[in-house]
Structure formats: C-alpha cells, structure tokens
Amino acid sequence: MNVMQQMQENLKEEIKNAVLTAGLATEEELPEVILEQPKDKAHGDYATNMAMQLARIAKKAPRQIAEDMVDHLDQSKGSIEKVEIAGPGFINFFIDNQYLTKLIPTIMEQGKEYGASNIGKGEKIQVEFVSANPTGDLHLGHARGASVGDALCHILDKAGYNVSREYYINDAGNQIHNLALSVQARYMQALGKEFPMPEDGYHGADIIEIGKVLAEEHGDKWADKPEAEQHAFFREYGLKYELDKLAKDLESFRVTFDHWFSETSLYEEDKIVPAIELLKEKGYIYEEEGATWFRSTEFDDDKDRVLVKQDGSYTYLSPDIAYHKNKLDRGFDTLINIWGADHHGYIPRMRAAIQALGYDAETLEVEIIQMVNLFENGEKVKMSKRTGKAVTLRELMEEVGIDAMRYFFVMRSADSHLDFDMDLAKSESSDNPVYYVQYAHARICTMLKQAQEKGINYSADYDASLLQSDKAEDLLKKLGEFTQMIADAAENRTPHRVTQYIFDLAASLHSFYNAEKVINPDQLEETKAKLALMEAVRITLANGMDLIGVRAPESM
RNA sequence: GUCCCAGUAGCUCAGCAGGAUAGAGCAACAGCCUUCUAAGCUGUGGGUCGCAGGUUCGAAUCCUGCCUGGGACGCCA
C-alpha cells in the first residue's frame, strides 16, 4: 500500500467514525464508505456520497446528515485541509497533498517493482489463451487474443496472483487429418504432379511452403509410399512445422507460455474415459440413439450435449472436459479462458461441465475477445480464412511494428469490436497513441541524460517543498494511482485500463514539460527535485508499458 | 426462432460495481518553437448517451419491451 492508498484508508476510517459518533447509523447499518475522485477540481480531491446513502437509514435529509457528519469529523486526521458540503449532500474533501511527494522516493526505491500489490493473495490462476489450431498462420484475431491474454497475465502477476499461462494444442481431431492431406497435396504439387486439395483443406501460404521444403529435402521418395504411411509422415511433419512457427511468431510478438498442453496427450495418457466415467458416476450421463450424452441442461445449458458419437468417436467436448478436469486437478483456484467471439456459444456447456465435475461455475471465467476489423486507406480489408488470404500476425508485425500492435490490441475493452487502423498504427505522429506514450518516456530520458552531462545529480533525498506547481501535483496524483489502477485492472480483467492510464500519465508529462523548464543550473535544488519527479514518472511509464508488452525507448 | 456482444460528439472510443455541468483522441477553428526532442503544448466550438417505459433522492450505468449492426446456435473443431 503506497502513501496515497494509505491516505484514502485513513480518510475512509474518519468518515466512518464521524457517522458512528454522530449516531447516524450503527456499525451494522453502515454502508461501505465510497470515496470518489470528483471530475471537477472545484469539488475537492475526494468526495463521499455517504450522506445520501444514509438518508433512508437515518431518516433525515442528506444535507442535514452531511452537516452532522462534518461536525463530528476530526479534521486533524487524514490530512484534511478543508471540507465542504455540496450539491444534494456530497461531502468534498480538500487534502493537503504535500504527502504525495513521499511517493517519489518510494517509486525510485521500488523501481521495476513499483505498482505491485498483493490483492491477489497468491491465488492460483491459469490463463489459457491463443490456442490456435496448428493448421495455419496466426491472424488478426489471434493477435488480439495474444495481446490481451499476455497483458492480463502481466497485470495479474503484478497484482499478486500466481499466474500460469497455457496454450492448448488442438493436435488430435479431424483438422489435423486435414492438415496431413493438405501437406500431402502441396508436396505433390511441388513435385509438379496434379493433386487436388482436400475438401476442407488449408489453403495458407505456409502449407505451400511446407510442400516446397519437403520436395526439396526429400525429393519424390514419399510420392509412392502407401497412403497410411504418407499420412502419418505428413501429419507429423506438418504439425511440428506449424507448432514451431506458432511458438516463434508468438515469441517475436513477446508472448510466451509456461505450458504447451497437447490434446493428444489426453488420449495417450487415457484421461478422457475416466473423465466421462466420473460424470457417469455423478449421474450426468445417459445413452440415447447410440450416442453418449452429457446432461448439461442440469446446469443451464440450452440442450444436452453428445460426448461419444454413434460411430464411437468423441466430440470436441469430451477431450475438453478431460482437459479442464486436468487443469482443476493441477490445483488452480480459477481458470480463465480467452476465446474468440465465435466460441461464445460454447461457454454454457463448458461451465456445465465444470459444475458437473463438482466445482463452482465461477471457477471458470471466459473472456470473449470480439472481432477485429482491419482498415487500410480508410477501407475495410476483407479477410477470408478459406482462401488463406487473411492478414497474418507476422505480416502485420513487419508492416506496422510490434509496439503499435500490442498497444492497439489492448487499447479497447476486449468485449467491443475493434477497428484496427493500419495507417494510424504505422504513422509516426502524435495521432498515434503508442508514439505519444513512448515519446513521453524518451523525453524524460533525454532530460535525465542532459542533467547528467551537466554534472547535476538528483536523488530520492530532495527538497519536496520545491514541487508546488499544479502540473507537478497532477503528475504526483497520477503516479499515486498506478498501484490501485493495476489492482482494478486485475480484478476486473480489464487490461485496456493500463493503456488509458499510461496515455493520461504521458499527457500530464507533456503538459508539465511545456509549462516548466526542468534543468536550470541557477536553481539547483529545484532542478534536483524536478529530476527526481521525472525519474519517478519514467519508472511508472516504463512499468506500465511493460505490462502491455510495449517497449520504452530512451530516444526517438 | 433462441442466446451473446455492441449502439455515447462528424469519426474511433472511455465512463472504474448508479452520483454533481457526460469525458478523451482524431477531425474543424485560433494560438505557441533564438530556451531540456513541436513525434509536443494551450484554447474554442461540438451530445435527446439507439427508442419507450420502469426502479429512486438521483440512471449513460440497474430492470422490461422494441429498433439497428455484428456474432453464435452440429453426433465440426
């Protein structure tokens, strides 16, 4: 808890005491103290709506209650400078913000750790994200999922959760057979033979590439082998090639995983039958029309779901249940799955499975990432997975750069559609928010460097009374909010809050920069105080950017 | 037909578990570089928060219905 949070707690405690000593409510009746930061500075630093909340309990007019509260408020505590009653019964607090200067030494001391808290109390959370099928290149939707998932993991980690990041590899179903057939076709074609692509084949450029590589490395030695042998080979080769590519692309994109979990391993280690057996013991399984059904309607699903088809093979749901059981067996308190919008219909049956396995429905959280539309030259870029003409993650990385992508993909709340403006993302101007933020960081670095060249050394031990301007106070307040902002973003699973925060902090920095000269050898002590402030802002900006996978450049 | 998400300034979006006169950025307009990077700053204009009801001291926020856009509803994965 930093000094700002400490101050807020003290203030809340004082408000509570005032209500109790004024006899307006009993301890039990007392609602939670809500402290808000008014948008208008004329309304003070903090305000509480306690008087309005108490109106019914105390059976008095809110303004009267507010007056009673203020009479019983001990203003010597909680750094209160002035109190006002306003509007329908708000109590506005004007705080002596001198305490904020204590933030700077804290931030400088904590460095990369600044912003960390223990709100997660070590809760074990597993985040499964991306999990794209190893049958083609990663495209825009995956890029957004990767950006959001990775940012969320960093945020949760910072907020004191114990995070494990996982990628589920769908390497067992029909689609892998199709991959094998597609690779086979491209291989044959690379050898100059006529060979049709399978019905649901994968038309991506990557598969054509595999065919070429195979033809070069192996010549035509596979062309006349028995079908089964060919399929096994192409399957294995294709899978390995695709997986290596996925991992490499994601790593370039600064996204890494703790575990790559193979669906096939569920078969090999015989995890599926026992999972279904367990549900059967609990009475959620029945047979009908030659198939095995999961009675998911017990848990609010629209209809029951088939687990084993008439032909004896599993539906996708079966290994998925086994997989989630496996996750839970590994001792995670909470599972977060990050899925594309096209999978949202799948949530109720998965939730039902979690409950059938004996866990609370809330154990599984599914964050849905809405679609991304790509715009170039003001026009929507059409995408088609079928023809393989989708814009890939790698292409986009090369064209617009990783920083801009990472920033843009988490910039909006995940559950709203995202228009990705290529021209804006590529532009090196202040219109581009990622440059705006990075520029703020680079500007500070330049100042610190120049101070150093002039032989001016700053430290956490500075004269705080020299930081009195409104612009400096704005910066300090913003710095103080960092830890709480991360905690909120973690609890609400809203990584986009981080981009908003660093954008606002950058704006405050630019504003300060234009209003005040930092380095002034004639005012050495003031210069040192400002440099300390700059360093604190720099650390906070860098930490914020780190959370969303954006680089903090020292010069631009 | 059922379900999910969205509808806020000309455009793209915030609005944190109802709170004061609804906020940013872009675009428009007017200013600021002999001074630490103008990739920046300052100011102005711009809104029936899709529509209609309801809940209450108070609703962009919660509830109901409707309209519009997108997506999902397989013994596919």
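In the text below, chain A, chain B and the rest are named by the order of the sequence lines, each starting its count at 1.
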### Query
Under 4.0 Å: is that the gap between some side-chain N or O of A:His343 and OP1 or OP2 of B:C3?
no
### Message
When both hydrogen-bonding distances must be under 3.5 Å and the geometry is Watson-Crick or G-U wobble, what is B:A6 paired with, if anything?
### Response
B:U68
### Message
So, does A:Ser416 get its side chain near the phosphate of B:A14, meaning an N or O under 4.0 Å from OP1 or OP2?
### Response
yes
### Query
How would you label the glycosidic angle of B:A28: syn (within 90° of 0) or anti?
anti
### Query
What does A:Ser413 touch in the nucleic acid at a heavy-atom separation under 4.0 angstrom: a base, only the sugar-phosphate, or nothing?
sugar-phosphate
### Task
Using only side-chain N and O atoms of A:Ser511, determine if any of them is under 4.0 Å from OP1 or OP2 of B:U42.
yes
### Task
From the options B:C16, B:U12, B:A20, select the nucleotide whose nearest atom is closest to the side chain of A:Ala86.
B:A20
#### Entry: Closest to the A:Gln500 side chain, choosing from B:G25, B:A14, B:G69
B:A14
### Query
Using a cut-off of 4.0 Å on non-hydrogen atoms, how would the nucleic acid contact of A:Ala442 be classed: base, sugar-phosphate, or nothing?
base
### Query
Taking the side chain of A:Trp293 as heavy atoms from C-beta outward, which of B:G19, B:C75, B:A17 is closest to it?
B:C75
### Query
Starting at CG of A:Leu424 and ending at P of B:C26, how long is that distance when rounded to a whole Å?
10 Å
### Message
If I compare all heavy atoms of A:Ser459 with all of A:Ala532, which pair ends up nearest, and what's the gap?
### Response
O-CB, 3.7 Å
### Query
A:Gln370 has an atom CD; how far is it from atom C1' of B:A72, in whole Å?
10 Å
### Message
For the C1' atoms, the ones on B:A17 and on B:U21, what distance do you get once it is rounded to whole angstrom?
### Response
24 Å
### Message
What is the separation between atom CE on A:Met411 and atom C1' on B:C26, rounded to the nearest whole Å?
### Response
11 Å
### Query
Can you tell me the Watson-Crick or wobble partner of B:A60, both distances under 3.5 angstrom?
none
### Message
If you assign each of A:Asp415 and A:Ala341 to its closest nucleotide in RNA chain B, which residue comes earlier from the 5' end?
### Response
A:Asp415
### Query
What is the nucleic acid contact for A:Ala515, judged by heavy atoms within less than 4.0 Å: base, sugar-phosphate only, or nothing?
nothing
### Message
For A:Tyr286 together with A:Phe294, are the ring centres under 6.0 Å from each other?
### Response
no
### Task
Check the side chains of A:Gln37 and A:Asp45 for a donor-acceptor pair under 3.5 angstrom, ignoring hydrogens and angles.
no
### Query
Please give, in whole Å, the distance from B:C26 P to A:Asp423 CG?
17 Å
#### Entry: Euclidean distance, atom NE2 of residue A:His344 to atom C1' of B:U2 [Å, nearest integer]
11 Å
### Pairing partner of B:U12 (Watson-Crick or G-U wobble, both distances under 3.5 Å)
B:A24
### Task
Using the C1' atoms only, state how far B:A59 lies from B:U48, rounded to an integer number of Å.
15 Å
### Query
Pick one for B:C4: is it syn, with its angle within 90° of 0, or anti?
anti
## Note on the structure
Among B:C16, B:A20, B:U42, the one nearest any side-chain atom of A:His43 is B:A20
### Query
Is A:Arg443 near enough to B:A38 that one of its side-chain N or O atoms lies under 4.0 angstrom from OP1 or OP2?
yes
### Message
Is it true that A:Thr297 and A:Asp304 share a donor-acceptor pair across their side chains at a distance under 3.5 Å?
### Response
yes
### Task
Let me know the distance between CD1 of A:Ile347 and P of B:C5, rounded to the nearest Å.
9 Å
### Task
Please state the C1' separation for the pair B:A60 and B:C49 - nearest whole angstrom.
5 Å
### Task
Would you indicate which nucleotide in B:G69, B:C41, B:A77 comes nearest to any side-chain atom of A:His417?
B:G69
### Task
Among A:Glu365, A:Lys327, A:His343, A:Glu367, find the residue that satisfies the side-chain hydrogen bond (donor to acceptor under 3.5 Å, both in side chains) test when tested with A:Asn337.
A:Lys327
### Nearest-nucleotide comparison on RNA chain B, the residue closer to the 5′ end among A:Asn174 and A:Met371
A:Met371
### Message
Using a distance-only criterion (donor-acceptor N/O pair, under 3.5 Å, no hydrogens), is the base of B:G71 paired with the side chain of A:Asp342?
### Response
no
#### Entry: Stacking check A:Phe90 vs B:A20 (5.5 Å / 30 deg)
yes
### Query
Separation of A:Phe408 atom CZ from B:G25 atom P, in whole Å?
15 Å
### Task
Between B:A20, B:C26, B:A77, spot the one nearest the side chain of A:Asn133, thanks.
B:A77
### Task
Verify whether one side chain among A:Gln5 and A:Gln484 offers a donor that lies under 3.5 Å from an acceptor in the other.
yes
### Task
Check whether any side-chain N or O of A:Ser313 sits under 4.0 Å from OP1 or OP2 of B:C75, and answer yes or no.
no
### Message
Is it true that A:Tyr407 and A:Asn432 share a donor-acceptor pair across their side chains at a distance under 3.5 Å?
### Response
no
### Message
Within the 4.0 Å heavy-atom criterion, would you say A:Gln484 contacts the bases, only the backbone, or no part of the nucleic acid?
### Response
nothing
#### Entry: Mate of B:C73 where both pairing distances stay under 3.5 Å, Watson-Crick or G-U
B:G1
### Summary
Nearest heavy-atom approach of A:Gln310 to A:Glu289 is NE2-O, 2.6 Å
### Message
Using the P atom as the point on both nucleotides, what is the distance between B:G50 and B:A9, in whole Å?
### Response
8 Å
### Task
Could you tell me whether A:Lys449 contacts a base, only the sugar-phosphate backbone, or nothing, with contacts defined as non-hydrogen atoms closer than 4.0 Å?
nothing
### Query
Which nucleotide in the list B:U12, B:U42, B:A20 gets nearest to the side chain of A:Arg412?
B:U12
### Message
Do A:Tyr46 and A:Gln8 pair up side chain to side chain, a donor and an acceptor below 3.5 Å, judged on atom types alone?
### Response
yes
### Query
Do any side-chain nitrogens or oxygens of A:Tyr436 fall under 4.0 Å of OP1 or OP2 in B:C41?
yes
### Message
Using a heavy-atom cut-off of 4.0 Å across all strands, would you classify A:Gln175 as base, sugar-phosphate, or nothing?
### Response
sugar-phosphate
### Message
Using the P atom as the point on both nucleotides, what is the distance between B:U8 and B:G69, in whole Å?
### Response
14 Å
#### Entry: Out of B:G19, B:G70, B:U42, whichever nucleotide has its closest atom nearest the side chain of A:Pro88
B:G19
### Task
Could you measure between the two P atoms, the one in B:C51 and the one in B:G10, and give it in whole Å?
14 Å
### Message
I want to verify a distance call: between B:U42, B:C5, B:A77, whose nearest atom is closest to the A:Thr315 side chain?
### Response
B:A77
### Task
Indicate, yes or no, whether a donor-acceptor pair under 3.5 Å links the base of B:A20 to the side chain of A:Asn92.
yes
### Query
Expressed in whole Å, how much space separates the P atoms belonging to B:U12 and B:G18?
28 Å
### Query
Given B:G74, is OP1 or OP2 found less than 4.0 Å from the side-chain N or O atoms of A:Lys309?
no
### Message
Do A:Arg443 and A:Tyr513 form a cation-pi contact, if we require the NZ or CZ to be under 6.0 Å from the six-membered ring centre and within 45 degrees of the ring's axis?
### Response
yes
### Query
Has the side chain of A:Glu289 got a donor or acceptor atom sitting under 3.5 Å from an opposite partner on the base of B:C75?
yes
#### Entry: Integer angstrom distance from the P of B:U44 to that of B:A22
16 Å
### N or O in side chain of A:Tyr513 less than 4.0 angstrom from B:A38 OP1/OP2
yes
### Query
What's the CD1-P distance between A:Ile272 and B:A77, to the nearest Å?
12 Å
